[in-house]
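Working notes for the structure below.
Chain letters run A, B, ... following the sequence lines, proteins first and then strands; every chain starts at 1.
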2 protein chains.
Amino acid sequence: MPIVNHPASIQTFIQAIYPLSENALQIMIAQWELVELTKGTILFYEGKTASDIYLIAQGIARAFCYKEDKELTFWFGKEGDFVLSYNSYIYDKPGYESIELLEDSVLYTIGHEELHALYQQNSEIANWGRKLAEQELVRTEERFISQLLQTATDKYNALLEHSPELLQRVPLGHIASFLGVTQVTLSRIRKKITPTPPSSEGVS
Amino acid sequence: MPIVNHPASIQTFIQAIYPLSENALQIMIAQWELVELTKGTILFYEGKTASDIYLIAQGIARAFCYKEDKELTFWFGKEGDFVLSYNSYIYDKPGYESIELLEDSVLYTIGHEELHALYQQNSEIANWGRKLAEQELVRTEERFISQLLQTATDKYNALLEHSPELLQRVPLGHIASFLGVTQVTLSRIRKKITPTPPSSEGVS
DNA sequence: AAGGCTTTTTAACATTTGTAAAATTATTTC
DNA sequence: GAAATAATTTTACAAATGTTAAAAAGCCTT
C-alpha cells in the first residue's frame, strides 16, 4: 500500500518558493526523482559531505548533532520543506549534523551537481535558488532570535499554536531538545500549562 | 580627515562572495554608492521595512533587538560584511531589529529595488545573490548551533581566538548579550580565564 | 590632576534548570 | 490481555546563572 494516495505534486512545492515560467519549471522538475523511504532512514550522515537534496512530499524529518553523547535536535522538516545540509553543501566539507526520517516518507530528490548545473544554465532557476536560500536564512534567523528572546515556555506555546501536529508526530525528547531544554524541564512546563488533567468523571 | 586612506575596493568585497565576469562586475558596482557615517548612526530601525543594503568597507556594526527593555545584540558586522535586515527584506515587512554603527564608518550602499533589478537582469548577479544568501545562512546556522552546543565560556574563547579585535572594538555589555549571558556572567568567565591579572611589578 | 561620567567587576541572594534515578503511564508484541 | 518495552513524569538534590546593588577601575574633559 502506498504511503500516500495523492501527494501534492512537486510543481506545487517548487512554485511555492518562487514562481517559475512553464519552461523553467519543466527543466527543473525533469531532474527530480521520486523516492519512498522508511522511518529511521538517515538522509544525511554527520561527517559526510552532502551530495543529495530532498524535498518532503509526505513525512517528517529532523536534523540533529551530538553534544557529548546526547542528541540535540535543532530542525524539523515536513511536507514542502527542502532537506539539505547547507553548511556541508556550501563549503563542500563534512557536515556536523545527521538528518533522519521520523516517519515513512515520500520524497523528491536531486543531486547537488544537477541542481548547480541548473543554476548556471537558467537565470530563473538561479533566482529560485536565491529565494530558497533567503527563505531558509530567515527561518534560521527567526529560530535563532526566538532562542534568545523567548523562554522555553513561550516556545512550547508557540509550537502548540503553530504546529500542534508536530507534537503528535514527534517524541517529546526531540521536542525538548528542539526547545533547548531537557525533557525533565519540558515536563515541568507541560505540567504548568495543563495544571491538573481534569479527571474524566464529571465531565459532560 | 578621511576615516581611512585606502579602504579595500568594492570589487574585492563583491568578488569575495562569488566571482563575477568583468562585465557583470561593472554593471554591479555602478549601482553602489559610497557613504561615510558616524558612530551611533542607525542603519536600520526596528519596525521599519528595509530599503537599503550596506557593505562595510571600514567600521563595525551590530544588530540588536529588545527583550523587555534590555537590548540583545545578536550580530556583529565588520569590513567585508553585508548589512541588511533579511527578515524585513524577504517578506517586505517590518523588521524586529535595529542595526547601529559602533564606529565612524565607510560603507557602500544600494537600494533593494536596484539590487533586485540586477538579479532579474543578469544571471551571474542572480547567482551572486544566491551565494550571498547561502553564506549568510550558513553563518547564521553555525551561530545557532554554537548557541546550542557551546557554553558561554567556549564561545568567549572562540571569540578570543577568531576575533580578538572585536573585544577591543566593542563594549563588553554587547559582547555578553552576543554570547547569550549577562554582563555579570561574562565577568565571571573572564575572571576564571585570567585567574589573577599579574601585577605589573616584577614582570620583566 | 580632579571631578564626573561610563564601563567593568564584585557581592549576596533567589531562581531556574540540569542530573540521576525511580515511578508512572503508554504502546507494542506475543 | 499479560508481559515486555518504550515514553513520560516525578522526585530530590546540585550547579549554574540571573538579579539588584554597590564598589572599583577606566576615560574624558576641563
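Within a 6.0 Å sphere centred on CD of E142(A), other residues, nucleotides and ligands contribute more than 12 heavy atoms.
The distance from atom NZ of K39(A) to atom P of dT27(C) is 12 Å, rounded to the nearest whole Å. Rounded to a whole Å, the CD1 atom of I175(A) is 13 Å from the C1' atom of dA7(D). If you take CD1 of I193(A) and C1' of dT9(D), they are 15 Å apart, rounded to a whole angstrom. Rounded to whole angstrom, the span from the NZ atom of K155(B) across to the P atom of dT17(D) amounts to 10 Å.
The shortest non-hydrogen separation linking E134(B) to I90(A) is CB-CD1, 3.1 Å.
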What string of B, S and - do you get for nucleotides 7-19 of chain C 5' to 3' if you count protein non-hydrogen atoms under 4.0 Å?
-> -BBBBB----SBB
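Looking at D104(A) and E36(A), their side chains never come closer than 4.5 Å, going by heavy atoms from C-beta outward. In this structure the side chain of L20(A) never reaches within 4.5 angstrom of the side chain of N122(A), judged on heavy atoms. Contact of the K78(B) side chain with the I56(B) side chain is not registered, since no non-hydrogen atoms from C-beta on lie closer than 4.5 Å.
When only modelled atom types and interatomic distance are considered, E71(A) and S177(A) share no side-chain donor-acceptor pair under 3.5 Å.
Within the 6.0 Å centre-distance limit, the rings of W128(A) and F82(A) are counted as a close aromatic pair.
Checked options F76(B), Y156(B), F74(B); the residue passing with F178(B) is F76(B) (criterion: side-chain contact (heavy atoms from CB on, under 4.5 Å)).
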Sort me out a list of protein N/O and nucleotides 23-28 of chain D N/O pairs below 3.5 Å, or just none if empty.
none

